[in-house]
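In what follows, a single structure is set out as structure tokens and then discussed.
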Amino acid sequence: MNRLPPETLDRLADAISFHPDTEPGRQFRQALGRFATGVTIVTVAGPKGPVGMTVNSFTSVSLDPALVLWCPARSSSRHDIFAEARAWSIHVLGAEQLDICLRFTRGGPQFEGLELGETALGTPLIPGVAARFDCHAHAVHDGGDHSILVGRVAQVTVGGPDDHPLVFAAGRFGAFQPGEG
């Protein structure tokens, strides 16, 4: 007979179950926060200059062709700039880059005082990140209160082997340090 370890039983005893349409949105957000994600900044050349946004809704879609996606909120003042862009770059932040992450949250200083370059696609380039995916816009889909932006990856740049990602879970930022296995 298989037995669950005691810590698993404790978790199950504390479990709650709810339908997301009938409970306050905060509970749904808290449940989603149990899934740790990496932290990225997506940049685009906007009509009035460079624009960036901190994003954790980034994931791979396909290896062949190389496709990735991310999901900006429709309520964001920057949504339309990204949804209408022909190209954008996704910068995966390293564990030590929380300060850069916070620059691109609502009301942050964005590019002010940052040294930045430009990718071959003409998108703003933030140097020193753990990885960067330069993408041509491939598709935009309805995603409820968000849009699903799919990009075809044109170029990938990867940092050094000791670059560990900045992680977001349960409303907090942290670092992931791979263990020996």
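All values below were derived from every heavy atom in this structure, side-chain atoms included, with hydrogens, water molecules and symmetry-related copies excluded.
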Does one hydrophobic cluster hold both [X] and [Y], with members joined at side-chain heavy-atom distances below 4.5 Å?
X: V129; Y: I100; value: yes
X: I126; Y: L93; value: yes
X: V156; Y: V61; value: no
X: F168; Y: I41; value: yes

inquiry  = Are more than 12 heavy atoms, taken from residues, nucleotides or ligands other than R74, located less than 6.0 Å from that residue's CZ atom?
reply    = yes
Check: [Y] main-chain N/O paired with [X] side-chain donor or acceptor under 3.5 Å:
X: Q97; Y: G94; result: yes
X: S60; Y: S62; result: no
X: T119; Y: L121; result: yes

Taking all non-hydrogen atoms of both residues into account, name the closest pair between [X] and [Y] and its distance.
X: V153; Y: C135; answer: CG2-SG, 4.0 Å
X: A87; Y: V44; answer: O-CG2, 3.4 Å
X: A95; Y: A175; answer: CB-CB, 3.6 Å
X: C71; Y: I148; answer: SG-CG1, 4.0 Å
X: A45; Y: P124; answer: N-CD, 3.6 Å

Kindly compute the distance separating [atom1] ([X]) from [atom2] ([Y]), expressed to the nearest 0.5 Å.
X: R132; Y: Q155; atom1: CZ; atom2: CD; value: 7.5 Å
X: E84; Y: H79; atom1: CD; atom2: NE2; value: 9.0 Å
X: T54; Y: L98; atom1: OG1; atom2: CG; value: 9.5 Å
X: T40; Y: L166; atom1: OG1; atom2: CG; value: 10.0 Å
X: D134; Y: T157; atom1: CG; atom2: OG1; value: 6.0 Å
X: H146; Y: S57; atom1: NE2; atom2: OG; value: 6.0 Å

Can you give each donor-acceptor pair under 3.5 Å made by side-chain atoms of residues 104-118, sequence neighbours left out, with the distance rounded to 0.1 Å?
| residue | atom | partner | partner atom | Å |
| --- | --- | --- | --- | --- |
| T105 | OG1 | L102 | O | 2.9 |
| Q110 | OE1 | G52 | N | 2.9 |
| Q110 | NE2 | G52 | O | 2.9 |

Parallel, tilted or perpendicular: ring planes of F133 versus F58, cut at 30 and 60 degrees = tilted
ask   = Does a side chain donor of either S147 or H141 reach within less than 3.5 Å of an acceptor in the other side chain?
value = no
query = Among T123, T43, V42, whose side chain to side chain contact (heavy atoms under 4.5 Å, CB included) with H91 holds?
reply = T43
task = For side chain to side chain contact (heavy atoms under 4.5 Å, CB included), just list the numbers for V68 and I90, CA-CA rounded to whole Å, side-chain angles, deciding distance to a tenth of an Å, and then say yes or no.
result = CA-CA 9 Å; V68 296; I90 300 169; 3.9 Å; yes
task = Begin with the C-alpha distance, continue with both residues' side-chain angles, and end with the deciding distance and a verdict on side chain to side chain contact (heavy atoms under 4.5 Å, CB included) for F173 and V167.
result = CA-CA 6 Å; F173 294 97; V167 177; over 6 Å; no
request  = Check whether any side-chain heavy atom of V150 sits under 4.5 Å from a side-chain heavy atom of L69, and report yes or no.
outcome  = yes
ask   = Considering only heavy atoms from C-beta outward, does the side chain of L149 approach that of P72 to under 4.5 Å?
value = yes
